[in-house]
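First the proteins, then the strands, lettered A, B, ... as listed; each starts at 1.
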Amino acid sequence: MEMSLEKQLEIIKRGTVEIVPMDELVKKLEKSLNDKKPLKVKLGLDPSAPDIHLGHTVVLQKLKQFQDLGHEVILIIGDFTGRIGDPTGKSATRKQLTEDEINKNAESYKKQIFRILDPDKTQVVYNSHWLAKFKFEDVIRLAAKTTVARILERDDFKKRYDDNQPIGIHEFFYPLMQGYDSVELKADIELGGTDQKFNLLMGRNLQKEYGQEGQIALMMPILEGLDGVLKMSKSLNNYIGVEDSPKEMFGKVMSIKDELILRYFTLVTPLSNEEIKMMEKEMVAGKNPRDYKVKLAKIIITQYHNIEEADNAEIEFINIFSKNQLPDEIPEVELELGGEGNYWIPKLLQNLGLVSSTSDGKRMLEQGGVKVNGEKITEANLNIEDKMVVQVGKRKFAKIIIK
RNA sequence: GGGGAGAUUCCCGAGAGGCUAAAGGGGGCAGACUGUAAAUCUGUUGUCUACGACUUCGCAGGUUCGAAUCCUGCUCUCCCCA
């Protein structure tokens, strides 16, 4: 089904940070409408992180919109580039992956991505198909298309260079290879986070160098993680994974800062601009932000699981945190009965896997963070009983099963 | 090839022979409070049945009663010159 140019543009623009160049996008869309030929929309994926989180879905949602508009979506698994290692946002050299790791990651990647994209309408390609065939001569030719000064324009290269941090020569090739992918596919549009701007534009330049029309670069914002400051990433452990359990998702969403609520609605849910504006007004008028977080959590859980799970997660959350009850599923841990069942609590907590060391366990005890069957415990020893529930902090529980 | 600087605990970063399990900040965790695992405040943050012992300041040795601190060699990184 076709949509008017204006309508398409409106959908495409929602949530983007930048589209360069805008006027060429309009032209490409016009042409696509006239010729009834879909545009090729490319997204490159680095297979180093097999766990997709909401940060990744920002771009994937946009891709899905293109797909719904009838355009052709092409995913490139950067299996070849992954072996080389992209410079990371942390301004440190990323480790190189082995072929095995990459294949495994790519498979799990696809599975997760198709929770959002339509697998029947998505083309998946591996960039080793063309890059692995490069001869050294081809590499040099490709490298000659740009200059060191231009490469150093890239933000994190510049930063690392200025900070006296190491940069491997191989890292310079990353943008070149990614750019070459666009040449190979004759991409019309490439999506990416704002951190990809340099790479996306490199693709555009290379396409022109190889006599093609340059692709449009469409940048989506980088989603902040649960802390609200740093970008969402697995290594920072501030992420919500699409494969997280409903309960985890609910809890994690509830832990975001209030200021982040509307941003999350814009970037990870399909709600319209009007609906979001409305919520903003209501919150300014004094409505409790907590309720919007609940709504956000439920939308997200429904997307990646289903409505029932979303409802259950809400109920459980209210029980544990608002009413201070126990969760309905507590991990059970088997214990040998040492002595006559009298346990030193720090050791008990460690054996139950609730704390990492007895020192940690002592601290928890001293700080009043230990509860047994809902009662706060302060003495150092405890006679354990079967099915006793031990709790550390607000969210770590274990049920003792005596062997 | 020559010269210089550096590597500290989860991260950043002080410390320059004993007062150092190592300042400060970040992050994490716990408690209080509440609107929630938000915000804020307080405490805590190597291990060990523990007012003591053991392990930790790039790696390996050495000097010393005593080393993160001094010496030697090695590994890695950065800068300047060529």
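Atom CD in Glu366(A) sits roughly 13 Å away from atom C1' in U49(B) (whole-Å rounding). Whole-Å rounding puts the Lys347(A) NZ to U49(B) C1' distance at 9 Å. Rounding to whole angstrom units, CZ of residue Arg160(A) and P of U77(B) are separated by 13 Å. One interatomic measurement links the two molecules: CG of Asp360(A) to C1' of A30(B), which rounds to 10 Å at whole-angstrom precision. Between Arg263(A) atom CZ and A38(B) atom C1' the separation is 18 Å, expressed in whole Å. In this structure, Lys362(A) places its NZ atom 12 Å from P of G52(B), rounding to the nearest Å. Spacing between atom NZ of Lys257(A) and atom P of A38(B) amounts to 8 Å, rounded to whole angstrom units. In this structure, the CD1 atom of Ile167(A) is 9 Å from the P atom of C78(B), given to the nearest Å.
Here the separation of A21(B) from C54(B), taken at their P atoms, is 12 Å to the nearest Å. For the C1' atom pair drawn from C59(B) and C11(B), the interatomic distance equals 22 Å after rounding to whole Å. Rounded to the nearest Å, the gap between the P atom of A50(B) and that of U20(B) is 24 Å. Here the separation of U55(B) from G6(B), taken at their C1' atoms, is 26 Å to the nearest Å. Comparing the P positions of A30(B) and G15(B) gives a spacing of 34 Å, expressed to the nearest Å. For the P atoms, the distance from A23(B) to C74(B) is 34 Å, rounded to whole Å. With P as the reference atom, A22(B) and G73(B) are 33 Å apart, rounded to whole Å. Distance check on atom P: G27(B) versus A39(B) gives 10 Å, rounded to whole Å.
Side-chain N or O atoms of Glu248(A) include none that pairs as donor or acceptor with a backbone N or O of Glu243(A) at under 3.5 Å. At least one donor-acceptor pair under 3.5 Å links the side chain of Asp138(A) to the backbone N or O of Lys135(A). Judged by distance alone, the side chain of Gln112(A) and the main-chain N or O of Ser108(A) form a donor-acceptor pair under 3.5 Å.
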Contacts table for residues 211-224 of chain A: side-chain donor-acceptor under 3.5 angstrom, sequence neighbours left out:
unit_1, atom_1, unit_2, atom_2, d
Gln212(A), NE2, Val183(A), O, 2.9
Glu213(A), OE2, Lys28(A), NZ, 3.0
Gln215(A), OE1, Ser182(A), OG, 2.8
Gln215(A), NE2, Ser182(A), OG, 3.4
Gln215(A), NE2, Glu190(A), OE1, 2.9
Gln215(A), NE2, Leu200(A), O, 3.0
Glu224(A), OE1, Arg263(A), NE, 2.6
Glu224(A), OE2, Arg263(A), NE, 3.3

*Nucleic acid footprint by protein, nucleotides 31-37 of chain B - heavy-atom cut-off 4.0 Å, B for base, S for sugar-phosphate alone*: S---BBB
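Taking the centre and axis of the six-membered ring of Tyr239(A), the NZ or CZ atom of Lys252(A) falls inside the cone set by 45° and 6.0 Å.
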*Show your working on salt bridge (charged side-chain N to carboxylate O under 4.0 Å, His left out) between Arg290(A) and Asp258(A) and close with a plain yes or no.*
CA-CA 8 Å; Arg290(A) 182 197 51 184; Asp258(A) 292 352; over 6 Å; no
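In a base pair of the Watson-Crick type (N1 to N3 plus N6-O4 or O6-N4) or a G-U wobble (N1-O2 and O6-N3), with each distance short of 3.5 Å, G1(B) is matched with C81(B). Look at C70(B): its Watson-Crick or wobble partner, with both distances under 3.5 angstrom, is G62(B). The partner of A7(B) is U75(B), by the rule that a Watson-Crick or G-U pair needs both atom distances under 3.5 Å. Look at A50(B): it lacks any Watson-Crick or wobble partner with both distances under 3.5 angstrom.
Between Lys40(A) and Asp188(A), none of the side-chain N atoms (NZ, or NE/NH1/NH2) sits under 4.0 Å from a carboxylate O, so this pair counts as no salt bridge. Using a 4.0 Å cut-off between charged nitrogen and carboxylate oxygen, Lys287(A) and Asp291(A) do not count as a salt-bridge pair. At a threshold of 4.0 Å, the pair Glu10(A)-Lys13(A) does not count as salt-bridged, since none of the basic side-chain nitrogens sits closer than that to a carboxylate oxygen.
Residues of residues 348-359 of chain A that place a heavy atom closer than 4.0 Å to RNA chain B, in numerical order, are Gln350(A), Ser357(A), Thr358(A), Ser359(A).
When all heavy atoms of Asp227(A) and Asn238(A) are compared, the closest pair comes out as OD1-ND2, 2.6 Å.
The side chain of Arg363(A) contributes an N or O atom lying less than 4.0 Å from OP1 or OP2 of U47(B).
Applying the side chain to side chain donor-acceptor pair (under 3.5 Å) criterion to Lys197(A), with sequence neighbours excluded, gives Glu18(A). Listed by chain and residue number, Lys298(A) satisfy the side chain to side chain donor-acceptor pair (under 3.5 Å) test with Glu314(A) (two or more places apart in sequence, or in another chain).
The NE2 atom of His305(A) lies 11.0 Å from the CD1 atom of Ile300(A); values are rounded to the nearest 0.5 Å.
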Polar pairs (N or O, both sides) under 3.5 Å between protein and nucleotides 9-11 of chain B?
none

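Along RNA chain B, the nucleotide nearest to Asn381(A) and the one nearest to Tyr161(A) differ in position, and the one closer to the 5' end is contacted by Asn381(A).
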